[in-house]
Amino acid sequence: MMKPDFLIMVAGMAIVSYLPRWLPLVLLTRRQLPRWLVEWLDLIPAAIMSALVFPALFTDGDPRHLEWFRPHIFAALPTFVFALFTKSLGGTIVVGMAFFWLIEKFV
């Protein structure tokens, strides 16, 4: 049988996880946001993706050791250019996977 402390902990984690997603949705759904805020919010996914990808591309796991010439960069650069011009998420994923496969196979 589960202890009450465990259930309280799970309920607390659910609230802490769900509330930050739910509140903006409920509070901002019927409001017209300023254009500058919408444009700023559009940049958040790119910033998050950059923060996740940059360490994998330029380090070997230790952020103190940057390596500028890694094979992954040769797959990332054309993928970035494709994403920049097409703005297609699915196409970018396919192009990135193809370039990564080519780099891993031939380098």
Side-chain angles (χ1 to χ4, degrees):
M1 188 162 169
M2 287 191 237
K3 295 182 179 181
D5 291 344
F6 180 75
L7 294 176
I8 291 170
M9 180 181 66
V10 170
M13 289 188 303
I15 290 169
V16 166
S17 178
Y18 185 68
L19 204 57
R21 294 182 178 109
W22 179 78
L23 273 177
L25 196 64
V26 169
L27 296 176
L28 299 176
T29 300
R30 295 192 174 107
R31 299 183 104 182
Q32 182 69 22
L33 298 175
R35 183 165 176 78
W36 65 267
L37 181 59
V38 172
E39 290 174 359
W40 183 77
L41 290 172
D42 282 342
L43 298 174
I44 290 176
I48 292 172
M49 190 65 179
S50 300
L52 293 172
V53 170
F54 183 86
L57 282 178
F58 294 106
T59 69
D60 58 355
D62 184 0
R64 294 174 292 180
H65 298 126
L66 286 177
E67 296 179 23
W68 293 102
F69 297 104
R70 293 173 49 99
H72 301 89
I73 296 171
F74 296 113
L77 289 176
T79 303
F80 174 72
V81 170
F82 179 85
L84 194 62
F85 284 109
T86 65
K87 308 242 187 313
S88 166
L89 178 62
T92 301
I93 291 171
V94 170
V95 167
M97 290 171 58
F99 274 108
F100 188 77
W101 177 79
L102 287 171
I103 295 296
E104 288 291 316
K105 185 155 181 80
F106 296 112
V107 174

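This is a predicted model, so every value here is computed, not measured.
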Nonpolar side-chain network containing Phe85, other nodes, edges under 4.5 Å: Val81
Non-neighbouring partners of Met97 that pass side chain to side chain contact (heavy atoms under 4.5 Å, CB included), sequence neighbours left out: Ile93
Those residues that, when tested against Leu23, pass side chain to side chain contact (heavy atoms under 4.5 Å, CB included) (two or more places apart): Leu19, Leu27
Least distance between heavy atoms, Phe82 atom then Gly91 atom: CE2-C, 3.2 Å
Nearest-0.5 Å distance, CZ of residue Arg31 to CG of residue Leu37: 11.0 Å
Selection residues 77-98 - residue pairs positive for side-chain hydrogen bond (donor to acceptor under 3.5 Å, both in side chains), sequence neighbours left out: none
Pro71 to Ile103 - nearest heavy-atom pair and separation: O-CG2, 3.4 Å
Linked, directly or transitively: Leu77 and Leu57 (ILVMFWY side chains, under 4.5 Å): yes
Identify every side-chain donor-acceptor pair in residues 38-54 under 3.5 Å, counting partners at least two apart or on other chains, and give the distances.
from: Glu39; atom 1: OE2; to: Arg35; atom 2: NE; distance (Å): 3.2
from: Ser50; atom 1: OG; to: Ala46; atom 2: O; distance (Å): 2.8

Sequence neighbours excluded - side-chain hydrogen bond (donor to acceptor under 3.5 Å, both in side chains) pairs with any residue from residues 95-107: none
Non-neighbouring partners of Phe80 that pass ring-ring contact (aromatic ring centres under 6.0 Å, His included), sequence neighbours left out: none
Pairs satisfying side-chain hydrogen bond (donor to acceptor under 3.5 Å, both in side chains), at least one member in residues 16-28, at least two apart: Ser17-Arg21
Any residue meeting side chain to side chain contact (heavy atoms under 4.5 Å, CB included) with Pro24, in chain and number order, not counting sequence neighbours: Leu28
